[in-house]
Amino acid sequence: MEPEEETPWWTECDAWNAPAVVGCSSKHVGAQKFWFCFQFRSRLPQQHDSFGRSHVTACGRRAGIHRKTQHQGVEMKALVYDGPREVHVKDVPDARIEQPTDVLVKITSTNICGSDLHMYEGRTDLEPGMVLGHENLGIVAEVGNAVVKVSPGDRVCLPFNIGCGFCRNCEEGLTAFCLTVHPDPKMAGAAYGFAGMGPFWGGQAEFLRVPFGDFNCLRLPEDAQDKETDYVMLSEIFPTGWHCTRLADMQPGDSMVIYGAGPVGLMAAYSAMIQGASKVMIVDRHPDRLKLAEEIGVIPIDDSKGDPVEQVLEQTRGQGADKGCECVGYQAHDPQGHEDAAMTMNRLVDSVRFTGHIGVVGIFLPQDRNGPDELERHGKIAFDMGKFWFKGQKVGTGQADVKHYNRQLRDLIHQGRAKPSWIVSHELPLAEAESGYQHFDARDDGWTKVVMHP
């Protein structure tokens with residue numbers, strides 16, 4: 001018998017379609033073995049641990065990573081949300097294999113995201129006790145018995161949205177709106193450590209349980225360790241920035257204006273430059289962010305020094321940009337600190353030309369219990385619909401379907417065509433997470449992107 005071959009990182013398959021994929025190793029495509037995995041799954045005995053969670057007693061393969069077995073009731077370090085502006089590194093129950101399709105990942109890099117700040121500031125309905133962190137990368141420590149593609153020791157990046165791989169939306173590439181994973185049948189979509197997106201703990205921790213691991217783990221090439229701060233951006237902000245340009249239907253040669261030079265806005269600008277925009281402008285007021293934008297050839301527009309719409313019109317001969325991106329969301333505010341959730345949307349209508357397109361990836365929620373007025377507390381904004389209609393503009397919205405983009409963006413990084421880590425300002429151990437959140441939330445000068453290493 002020939003020895004089993006290792007499956008290459010670049011194999012373009014997933015667990016559900018493995019038998020049909022050309023070029024996979026024999027351990028993937030053998031229909032009998034694939035059948036056996038799922039027959040065996042149905043016979044796995046279940047147990048409940050001391051925390052009331054079910055898990056399979058047959059846990060599959062483990063890597064040589066130092067951790068006790070799941071039967072010993074051990075704990076891990078993780079960042080826990082305890083209330084508005086109260087996050088603490090604590091000992092919590094160890095992440096573990098709970099279903100045969102699970103993968104357990106030892107986290108080596110996890111980012112603080114701007115959307116984490118909505119929860120940190122108490123602007124969501126997140127309940128205390130949740131482990132935060134949806135931008136995660138690490139090493140596979142253990143796999144369930146039904147996992148056929150991912151192996152212990154693989155370096156993987158995890159999309160922030162969790163998909164099943166086989167529902168209608170996942171099959172159409174709309175993995176941000178998976179119909180299977182969220183326990184509420186009225187909801188579509190799930191994510192790690194995020195308000196309203198299911199009970200799944202995040203990865204600002206030592207270990208992370210990844211449901212449907214074959215589908216959700218993006219395996220990384222041999223330079224994964226050297227380019228770790230690049231590849232971890234594949235978990236969310238790089239695909240989200242790219243997604244915003246696609247929602248805006250940006251084409252080579254188009255001019256683009258982006259409102260918000262936070263990490264996602266900078267990634268949208270970077271994505272527009274890669275895709276051949278003729279001119280990219282970005283609106284913000286933080287000098288450190290605008291300086292980063294200038295480094296990649298983007299025109300900075302400081303809205304604290306004048307009307308940003310007028311500045312955009314000056315750059316575009318009075319016509320407006322061809323396309324626009326909203327990368328701020330419902331906590332938009334003017335330079336004086338007055339919050340107005342409709343501000344960036346209405347400015348984009350004014351900044352984009354007649355028949356132009358607008359992409360919106362800044363978060364807008366159905367409810368904002370701490371919003372500044374009654375309208376915004378119910379998730380509504382005073383949008384300039386009349387002008388939007390009169391100008392014949394189009395708008396696309398929603399979370400990024402990370403898996404629709406992450407393979408291609410991974411390969412841009414691998415080939416040296418993209419380096420999203422240029423925005424990283426700080427790398428911290430997990431023990432300093434509380435301080436990292438405080439600085440990032442305060443928009444302290446120079447704190448543009450924080451990567452933590454548990």
Open item on the list: Would T108 and E228 count as a side-chain hydrogen bond (donor to acceptor under 3.5 Å, both in side chains) here? Give the steps.
Closed with: CA-CA 9 Å; T108 56; E228 184 156 328; 2.7 Å; yes

Spacing of [atom1] belonging to [X] relative to [atom2] belonging to [Y], to within rounding of 0.5 Å:
{"X": "E314", "Y": "Q311", "atom1": "CD", "atom2": "CD", "value": "6.5 Å"}
{"X": "D302", "Y": "I282", "atom1": "CG", "atom2": "CD1", "value": "12.0 Å"}
{"X": "E432", "Y": "H439", "atom1": "CD", "atom2": "NE2", "value": "9.0 Å"}
{"X": "L234", "Y": "Q408", "atom1": "CG", "atom2": "CD", "value": "10.5 Å"}
{"X": "R317", "Y": "Q319", "atom1": "CZ", "atom2": "CD", "value": "8.5 Å"}
{"X": "E236", "Y": "M233", "atom1": "CD", "atom2": "CE", "value": "10.5 Å"}

Would the distance check show the side chain of [X] and the main-chain N or O of [Y] forming a donor-acceptor pair, the cut-off being under 3.5 Å?
{"X": "K394", "Y": "D249", "value": "no"}
{"X": "T110", "Y": "M452", "value": "no"}
{"X": "N370", "Y": "G122", "value": "yes"}
{"X": "K149", "Y": "D214", "value": "yes"}
{"X": "D102", "Y": "I97", "value": "no"}
{"X": "R443", "Y": "D441", "value": "yes"}
{"X": "R377", "Y": "G371", "value": "yes"}
{"X": "K449", "Y": "N111", "value": "no"}
{"X": "K403", "Y": "F215", "value": "yes"}
{"X": "S425", "Y": "T448", "value": "yes"}

Task: C178 vs N161 side-chain heavy atoms within contact, under 4.5 Å - done: no

Task: Note, K77 side chain near D91 side chain (heavy atom, < 4.5 Å) - done: yes

TODO: Apply side-chain contact (heavy atoms from CB on, under 4.5 Å) to E75 and D94, showing your working.
DONE: CA-CA 5 Å; E75 296 181 327; D94 202 11; 5.8 Å; no

Open item on the list: Against H134, only a single residue in W201, Y192, F194 fulfils ring-ring contact (aromatic ring centres under 6.0 Å, His included); can you say which?
Closed with: F194

Test item: side-chain donor near acceptor, [X] and [Y], under 3.5 Å:
{"X": "N136", "Y": "S235", "value": "no"}
{"X": "Q275", "Y": "T245", "value": "yes"}
{"X": "Y259", "Y": "D303", "value": "no"}
{"X": "H243", "Y": "D401", "value": "no"}

TODO: Applying side-chain contact (heavy atoms from CB on, under 4.5 Å), run through R353 and T316 and close with a yes or a no.
DONE: CA-CA 9 Å; R353 66 171 173 84; T316 57; over 6 Å; no

TODO: Not counting sequence neighbours, list each pair that qualifies as a ring pair (Phe, Tyr, Trp, His ring centres under 6.0 Å) and has a residue in residues 315-368.
DONE: H118-Y330

Task: Test salt bridge (Lys or Arg N to Asp or Glu O under 4.0 Å) applied to D230 and K419, R410, R417, the passing residue - done: K419

Task: Given D226, L218, D223, L409, the one that forms side chain to side chain contact (heavy atoms under 4.5 Å, CB included) with Y231 - done: D223

- [ ] I would like to know whether N346 and F383 meet side-chain contact (heavy atoms from CB on, under 4.5 Å); could you show each step before the answer?
- [x] CA-CA 6 Å; N346 288 334; F383 179 59; 3.4 Å; yes

Open item on the list: If I compare all heavy atoms of G262 with all of D284, which pair ends up nearest, and what's the gap?
Closed with: N-OD2, 4.0 Å

Open item on the list: K291 vs E295, test: salt bridge (Lys or Arg N to Asp or Glu O under 4.0 Å). Steps then yes/no.
Closed with: CA-CA 6 Å; K291 181 179 179 181; E295 290 178 4; 5.4 Å; no

- [ ] Any chance you could lay out the side-chain contact (heavy atoms from CB on, under 4.5 Å) test for V257 and V352, step after step, and finish with the verdict?
- [x] CA-CA 8 Å; V257 59; V352 172; 4.2 Å; yes

- [ ] Give a yes or no on this: more than 12 heavy atoms of other residues, nucleotides or ligands lie within 6.0 Å of atom NE2 of H404.
- [x] no

- [ ] Verify the ring-centre separation between F166 and F212: is it less than 6.0 angstrom?
- [x] yes

